[in-house]
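These notes are about the structure you will find just below.
Proteins get letters first, then strands, A, B, ... in listed order; numbering begins at 1 in each. Keep in mind that the numbers below use all heavy atoms, side chains included, and drop hydrogens, waters and symmetry copies.
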Protein chains: 2
Amino acid sequence: MSEKPTIKDVAKAAGVSEATVSRALSHSPRVKRATREKVQTVADQLDYRPNSLARGIRVKQTHTLGMIIPDILNDYFTQLTREIEDAAGRSGYDVLIMNTDESLAKEAHALNLMLEKQVDGVIIASAGGQTDYAKILGPTPAIFVDRMPPANIKTPYDRVIVDNVKATCHIVSQLLAQGATRVGIINSAVSFTATERLAGYQQALHDGGIALDSAIEVAARTDNSNVQQMTRQLLINQKCDGLFVGDNTIMEEVLRKLTELDLPNLQLGGFDDQLWFDFLPRPIVTARQPIKQLGQTVVDRLLAHLADPQLAPQEFRLDAQIITRQ
Amino acid sequence: MSEKPTIKDVAKAAGVSEATVSRALSHSPRVKRATREKVQTVADQLDYRPNSLARGIRVKQTHTLGMIIPDILNDYFTQLTREIEDAAGRSGYDVLIMNTDESLAKEAHALNLMLEKQVDGVIIASAGGQTDYAKILGPTPAIFVDRMPPANIKTPYDRVIVDNVKATCHIVSQLLAQGATRVGIINSAVSFTATERLAGYQQALHDGGIALDSAIEVAARTDNSNVQQMTRQLLINQKCDGLFVGDNTIMEEVLRKLTELDLPNLQLGGFDDQLWFDFLPRPIVTARQPIKQLGQTVVDRLLAHLADPQLAPQEFRLDAQIITRQ
DNA sequence: TAAAATTTGTAAACCGTTTTAAAAAAATGT
DNA sequence: ACATTTTTTTAAAACGGTTTACAAATTTTA
């Protein structure tokens with residue numbers, strides 16, 4: 001009871017050698033049926049569970065993938081995580097999840113931990129920064145999803161991502177179609193996706209024949225109070241009648257501010273869809289990402305790289321679905 | 001490049017023995033400063049990272065805790081996970097997270113995986129069912145949080161949980177105080193917390209001098225359409241002017257149904273607080289759990305059990321905070 | 001029935017690290 | 001300078017599995 005049984009204990013109890021137990025439990029064909037059954041029952045009875053550390057060190061693979069997400073409180077990433085877990089599970093792989101809270105230090109820690117635990121491959125939604133992933137990862141395969149590494153750093157990895165430019169362009173165009181004449185944007189300053197979404201915003205204004213107004217275009221997020229202040233700035237001072245919000249977490253602060261301001265005619269749009277947007281008193285135009293497909297693609301490609309390390313890196317762009325409410 | 005460096009490579013490159021490298025990198029005092037520095041630079045230069053599987057098998061601990069949650073899409077559990085990760089990190093422990101999607105099969109798989117990976121202890125929010133945790137876990141310490149194992153199964157483990165009875169009683173009493181005269185309940189049928197919340201509901205009615213009406217009291221959840229149907233049943237057919245909702249996920253379905261029904265005078269309350277409840281057109285009375293404190297307690301106790309396996313199991317009841325809006 | 005082919009079991013090597021015990025080197029005391 | 005103590009380093013033995021090479025047992029073939 002106080003010590004975990006090892007393969008040795010099972011072998012002794014079953015009256016066979018350790019190697020036989022190993023073969024029996026891994027369903028090797030080179031063992032008599034009667035023997036296998038005997039070993040199996042003894043193992044069950046002892047509650048024997050092979051030590052995967054010992055196995056991993058010998059066979060040099062763990063059938064485990066690492067997944068690094070920047071914000072476990074963000075619904076988008078939890079949904080993505082779930083889909084990736086599912087897809088990996090279907091292929092017999094388990095997933096180690098670590099959250100970095102958008103911190104580079106935590107990301108480095110998570111990456112190190114996973115490599116030390118000898119994951120077979122890692123899935124990264126980057127926290128940004130100038131990390132040299134190739135140097136850290138060494139020969140371990142990896143793939144990026146949603147949050148890419150900075151563009152100035154060369155990476156030999158696959159990238160799976162939604163077409164942010166196109167989707168944002170659609171959303172903003174929709175706001176205009178719904179009657180907005182002056183659309184502002186609140187965007188997160190740093191991330192890879194933010195840059196693309198800004199481009200989509202600009203594209204939509206251009207397509208709509210609307211001159212860019214630098215006063216309403218640039219908006220960097222630093223903290224929550226900042227967002228509320230910017231909301232006021234854009235909607236009251238700048239008199240915007242349309243607003244595009246760059247992501248989930250910013251949207252929450254915007255909505256909070258909107259409960260104070262009385263602006264029934266504002267046309268609101270944002271990236272990432274949430275279930276509860278349906279319950280709000282005001283319709284929001286959103287981009288719903290094909291999360292299941294993203295997850296499946298990520299896992300398929302990573303496993304393909306495990307099977308063939310020579311596989312050339314590639315970028316996958318999927319289309320988001322635009323949700324208009326009323 | 002194509003092979004990961006081992007301690008042997010470092011030893012050879014530094015011109016010392018493997019044992020010395022091991023000591024140097026683990027900051028053992030039994031190594032000369034000059035030697036340590038030399039080893040360190042060689043290790044850095046080779047991008048050497050110790051194989052934690054190999055270490056784990058030798059030292060018989062991994063400094064890793066496993067955490068099993070029943071629903072990664074449920075905000076409550078992601079918040080709890082984050083707090084537990086933080087608390088564990090402060091004590092030098094890492095956390096392996098696995099999601100069971102409320103499935104007993106996945107829970108069993110997750111538990112097995114963690115034990116095979118030799119986690120030092122496991123934190124469980126149970127998916128219910130009649131699992132004999134003590135048998136599965138063997139000598140590995142564990143602790144339960146929020147979702148307890150079924151009451152008829154004896155477990156030698158700590159339990160950390162909010163006082164569901166008291167909190168629910170408060171919420172329902174508040175609904176009554178706000179003018180409700182006939183309060184219904186929609187509860188999840190199976191879980192441990194559901195039973196307690198039902199008791200709290202009954203208590204509040206009793207305290208308010210209101211007779212129990214079996215027609216509105218019992219409500220089991222099976223699937224989503226079921227919830228919407230029950231909402232209609234209680235609010236229209238049974239003419240309830242107050243409603244208590246047993247958890248997060250049920251609340252979403254109730255709110256969806258409420259967008260169809262025109263019931264401005266309904267007094268609504270539910271367990272678990274969400275940020276976005278603030279943005280809804282209707283105020284909701286909720287119980288906000290002391291998640292940070294729950295997480296810290298869980299980790300503290302689990303680590304205490306690691307240090308002293310003899311420590312007697314204990315139950316910790318924390319109070320939830322009742323949030324009334326307007 | 002002997003020889004060959006096949007199946008099954010055994011012992012030993014191996015994976016990468018830590019640790020124990022012993023040896024080597026350096027420091028101290030006389 | 002030599003004996004003794006102290007500090008560093010090393011070689012070898014774990015840790016718990018898997019796998020390989022090989023021997024033994026069994027079955028098939030001649």
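Each end of the helix from dT1(C)-dA30(D) to dT30(C)-dA1(D) gets its own axis from five base pairs, and the two axes differ in direction by 40°, given to 10 degrees.
Legend: residues meeting ring pair (Phe, Tyr, Trp, His ring centres under 6.0 Å) with F192(A), ordered by chain and number and at least two apart, are absent. Listed by chain and number, the residues in a salt bridge (charged side-chain N to carboxylate O under 4.0 Å, His left out) with K292(A) are E83(A) (sequence neighbours excluded). E37(B) pairs by the salt bridge (charged side-chain N to carboxylate O under 4.0 Å, His left out) definition with R33(B), not counting sequence neighbours. E18(B) pairs by the side-chain hydrogen bond (donor to acceptor under 3.5 Å, both in side chains) definition with nothing, not counting sequence neighbours.
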side-chain hydrogen bond (donor to acceptor under 3.5 Å, both in side chains) between D158(A) and H305(A): does it pass, once the steps are laid out? CA-CA 9 Å; D158(A) 273 358; H305(A) 274 278; 3.1 Å; yes
Result block: side-chain N/O donor-acceptor pairs under 3.5 angstrom for residues 133-146 of chain B, not counting sequence neighbours:
residue	atom	partner	partner atom	Å
Y133(B)	OH	E107(B)	OE2	2.4
Y133(B)	OH	S126(B)	OG	2.9
K135(B)	NZ	D47(A)	OD2	2.9
T140(B)	OG1	L137(B)	O	3.4
D146(B)	OD1	Y76(B)	OH	3.3

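For residues 49-58 of chain B, the side chain to side chain donor-acceptor pair (under 3.5 Å) pairs, not counting sequence neighbours, are N112(A)-R49(B). Evaluation of the salt bridge (Lys or Arg N to Asp or Glu O under 4.0 Å) test over residues 305-314 of chain B, restricted to residues two or more places apart or in two chains, returns none. Among pairs with a residue in residues 63-77 of chain B, none fulfils salt bridge (Lys or Arg N to Asp or Glu O under 4.0 Å), at least two apart in sequence or across chains.
Taking a 4.0 Å limit (strictly below) on heavy-atom distances, residues 8-25 of chain B reaches DNA chain C at E18(B), A19(B), S22(B), R23(B). For the contact set between residues 39-46 of chain A and DNA chain C, defined by any heavy atom under 4.0 Å, there are no members.
Minimum interatomic distance between T64(A) and Y93(A) (heavy atoms only, all atoms of both residues): N-CD2, 3.8 Å.
The phosphate of dT18(C) (OP1 or OP2) has a side-chain N or O of R55(B) nearer than 4.0 angstrom.
In this structure the side chain of I69(A) never reaches within 4.5 angstrom of the side chain of M98(A), judged on heavy atoms.
First and last contacting nucleotides of DNA chain D toward chain A (any atom under 4.0 angstrom from a heavy atom, 5' to 3' order): dG16(D) to dT20(D).
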